[in-house]
Amino acid sequence: MAVVNPNKTHLFENDDEDGPISFKRSSASMKSSRPTPSKQEGSSGSAGVPVRTSKPVAPNQQKNGVSASASRLLHVKPPSSSPNHRPSGSGQPNSSAENSSKSNSIDKSKLKRPLVKEENSDDSDDEVPIGLRRKVEEKKLKRVVEKADDNDNTPLAQRLKMGESSKGKPSAKNVVKKSPASTKKNIKKMKRKVKTKKTMKNSQFSKTMKVPPGSGGGQKWTTLEHNGVIFPPPYKPHGVKMLYNGQPVDLTPEQEEVATMFAVMKDTEYATMQTFIDNFFTDWRKILGKNHIIKKFELCDFTPIYEWHLREKEKKKQMTSEEKKALREEKLKQEDKYMWAVVNGVKEKVGNFRVEPPGLFRGRGKHPKMGKLKRRIKPSDITINIGRGAPVPECPIPGESWKEIKHDNTVTWLAFWNDPISQKDFKYVFLAASSSLKGQSDKEKYEKSRKLKDHIQNIRDNYTKDFRSKDETKRQIAVATYLIDKLALRAGNEKDDDEAETVGCCTLKIDNVTCLPPNKIQFDFLGKDSIRYFNTVEVEELVYKAIEGFHRGKPPGYDLFDKLDTTRLNAHLKDLMPGLTAKVFRTYNASITLDDILHKETEDGTLLEKIAVYQRANKEVAIICNHQRSVSKSHESQMTRLNEKIDDLKAQRDELKVDLGKAKKGKPLGNDKDGKPKKNSPPEQIEKKIAAIETKIEKMEMDKKIKEDLKTVALGTSKINYLDPRITVAWCKRHEVPIEKIFNKSLLAKFGWAMDVDPEFRF
DNA sequence: CTACCTACTTAGTAATCCCGCA
DNA sequence: TGCGGGATTACTAAGTAGGTAG
């Protein structure tokens, strides 16, 4: 993207179908065939940047009456209207309406719902049943497709390859059984396998280094002391009675607690989502017990509790600042001992020493488990990791005890417990970002991505070559790598059925990727956090052809890269560079883009101008990485207000112009608003005033534009996770920009390791 | 291999802080 | 001098990826 070109800022506006994504490539830019490297300003333009769009969560939008199947169909060609934006606001219920109006109407349901689900589908529902079925059906699908491939559509030559590479799972079997070509296929398969092995062996890098250099043999620390974790206070019943069927209901504290969790969420979108309600109600009824009068959600009225909550909130707000301060200090005092750990003799901050309080699970997007009760964590759920010699933290809840004490110095966690929502997941307590342990691994991360610079040309040549490979697996790897490199897509691990359906590169579905002749590809899918990625990109001819090929014979909902998963992909990457994985490309592209833009575009100018350059670069990166935020509730009104101010200034300016004309002719200026005659000023003075107002208008217009541009762009994520801080620090040093203008307190602490970088540092 | 387990990074949103301004 | 709103911090969900057992 022409990143820097101010004109193009609105990347978000509607880039639907156009534009090559001129992805900015640093010096090592991709070879020729690559679509317009952004930098050339002239290049067309606005590039299709990933477009931000919808946020998943918005319940409404998902359903909106479109049946799943219908929507899926639509989806094929999403309305090009305004791609960008995410519909619902941050979880605020109301905002959704406003947003959704603009949002492009694609509803998510279509985005994700694979064909399979359709049958039962419908909208709201979706929940569990579908999930359950999905795997099975998907498998079926795969098989069907495979068969199809086997026989017809696919040219023999191609078929041979498909067979050979397949993971050996069902497809291989099928092939053997049914295809006449099977023998050949198998032979080929073997051959290829052998070959691969050989290559791997020979590869200088193939041995994955088990331990990153630097960290001595996997050991992360030698001594570790800390005080464990702090638990949320026990529930304090409020005694406010909710209504059931119009009648007040008695609830035990335990029952009331859960009711309150729900009541309090009345003003979030969650409260309107069927899945959320159902899950909540199911879990709550377990606590109510079989014989409780409360049987139907529809008859529940939580408003009394909600109102109590509002009153409490108000009370809190009304407290004087002294009271608030006292409260804060009290809390601080209590928590102080948990805040710190001593690692190798050095006192370090602990990140999250507070155990997560019970609540209703707030999954993002269409999470099948949203609304489920996240139960209270007890000491007996928690495993503590601590140095051998160190005193084991005393369990803060009398009469209870930790689940287990470990002394594992190959890991960095201080404690963990199993996530009550998903038993298989863990919640860890780690040191804070400012700790040297984290700092070191952060630095290693950037060093690794910097190394990619030395290999990138080779890697690009390599995958470019493989675009025409006869081996479908190779072609898939090549194209996937290309997308990860060029579009900064995430790897795309497989997900379980009990999670929201989102995808990354390796898990892209047929219907997420549309070929638009002659050479554009449109991506439309929900990625991490169910953030929509919507982007149309011009690709090289061979890539286009290859993707068309991957589509052939596969129904929507089927994997585009069916011979690929992140493990395979990363294994391949590791052959090209030690330690290389898909995510390194994101870091690399983000950091190199920043380095590049800063070097090209920083000019001598005011501090403010330099900072503006940085922010533009930052924004560019955020767009590449598709880092989004929801539009603030008040955005609209703020814009209106800005416009009013601008109009007002313009009116003033115009009036002054009239005055100026008169003044030049020596005429009186007339009256002001209050009807009093204005005092005459010399023309020069009026001109000055006009100029001043013009400047002000310009500035406001600029502010307005930036605000609009950034309304859906989150700059923070890339700053925290993707941009090598040394680039920033070095730039600040070279251009005499105080680092505090770019990094806030936490970032300064986090990036302590980068502060002494040489001013000439290049990523 | 694949499936599962484990550890750690990355992500958006909610809550809170804080500052300039009518 | 309250308050609108941006900035920062807190929170925890949701990714990536390595290792390992079967």
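Below, chain A is the first sequence line, B the second, and so on; all start at residue 1.
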Among residues at least two apart in sequence or on other chains, which ones pass ring pair (Phe, Tyr, Trp, His ring centres under 6.0 Å) with A:F416?
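In terms of ring pair (Phe, Tyr, Trp, His ring centres under 6.0 Å), with neighbours along the sequence ignored, A:F416 is linked to A:W413, A:F426, A:Y428.
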
For [N] and [X] - does any side-chain N or O of the residue sit under 4.0 Å from the phosphate oxygens OP1/OP2?
| X | N | answer |
| --- | --- | --- |
| A:K445 | B:dT10 | yes |
| A:K574 | C:dA17 | no |
| A:S441 | B:dT9 | yes |
| A:N721 | B:dT9 | no |
| A:K583 | B:dT10 | yes |

Problem set entry | Close side-chain approach of A:H635 to A:E708, heavy-atom, < 4.5 Å | yes

Inspect the contact between [Y] and [X] and indicate whether a charged nitrogen and a carboxylate oxygen are less than 4.0 angstrom apart.
| X | Y | answer |
| --- | --- | --- |
| A:K495 | A:E501 | no |
| A:K438 | A:D442 | no |
| A:E644 | A:R641 | no |

What is the distance from [atom1] of [X] to [atom2] of [N], rounded to the nearest Å?
| X | N | atom1 | atom2 | result |
| --- | --- | --- | --- | --- |
| A:R490 | B:dC8 | CZ | C1' | 16 Å |
| A:L573 | C:dA17 | CG | P | 9 Å |
| A:L715 | B:dA11 | CG | C1' | 14 Å |
| A:E444 | C:dA17 | CD | C1' | 15 Å |
| A:W413 | B:dT6 | CH2 | P | 10 Å |
| A:N570 | C:dA17 | CG | P | 5 Å |
| A:N493 | B:dT6 | CG | P | 17 Å |
| A:F426 | C:dA17 | CZ | P | 19 Å |

[X] side chain: which of [options] is closest?
| X | options | answer |
| --- | --- | --- |
| A:A491 | C:dG5, B:dT9, C:dA17 | C:dA17 |
| A:Y428 | C:dA17, C:dG5, B:dA7 | B:dA7 |
| A:Y722 | B:dT9, B:dT2, B:dA11 | B:dA11 |

Protein-proximity profile, nucleotides 8-14 of chain C, B/S/- by nucleotide at the 4.0 Å heavy-atom cutoff, equals SSSSSSB

Whether each nucleotide of nucleotides 16-22 of chain B has a protein heavy atom under 4.0 Å at its base (B), only at its sugar-phosphate (S) or at neither (-) is summarised, 5' to 3', as -S-----

Per salt bridge (charged side-chain N to carboxylate O under 4.0 Å, His left out), A:D529 is matched among A:R629, A:R490, A:R364 by A:R364

Results of side chain to side chain donor-acceptor pair (under 3.5 Å) for A:S718 - residues two or more places apart only
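By the side chain to side chain donor-acceptor pair (under 3.5 Å) rule, A:S718 matches A:N618.
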
**Q.** side chain to side chain donor-acceptor pair (under 3.5 Å) involving A:R375 - partner list, sequence neighbours excluded
**A.**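 Only A:D381 meet the side chain to side chain donor-acceptor pair (under 3.5 Å) criterion with A:R375.
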
Taken in chain and number order and not counting sequence neighbours, the residues that satisfy side-chain contact (heavy atoms from CB on, under 4.5 Å) with A:S422 are A:K369, A:D419, A:K424, A:D425

_Taking the nucleotide of DNA chain B with the nearest heavy atom to each, does A:V411 or A:K750 sit closer to the 5' end?_
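Residue closer to the 5' terminus by nearest nucleotide: A:V411.
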
Using a 4.0 Å heavy-atom cut-off, does [X] contact any base of the nucleic acid, only the sugar-phosphate backbone, or nothing at all?
| X | value |
| --- | --- |
| A:G492 | sugar-phosphate |
| A:T412 | sugar-phosphate |
| A:K707 | sugar-phosphate |

Using heavy atoms to find the nearest nucleotide of DNA chain C for A:G504 and A:S634 separately, return the residue whose nucleotide is more 5′.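 This one resolves to A:S634.
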
- Measure from the side-chain N and O atoms of A:K403 to the backbone N and O of A:I384, and report whether any donor-acceptor pair falls under 3.5 Å.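 Side chain of A:K403 to backbone of A:I384, a donor-acceptor pair under 3.5 Å: no, none is there.
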
- [ ] Please check if any side-chain donor atom of A:R586 sits under 3.5 Å from a side-chain acceptor atom of A:Y722, or the reverse.
- [x]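 On atom types as modelled, these side chains qualify, holding a pair under 3.5 Å.
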
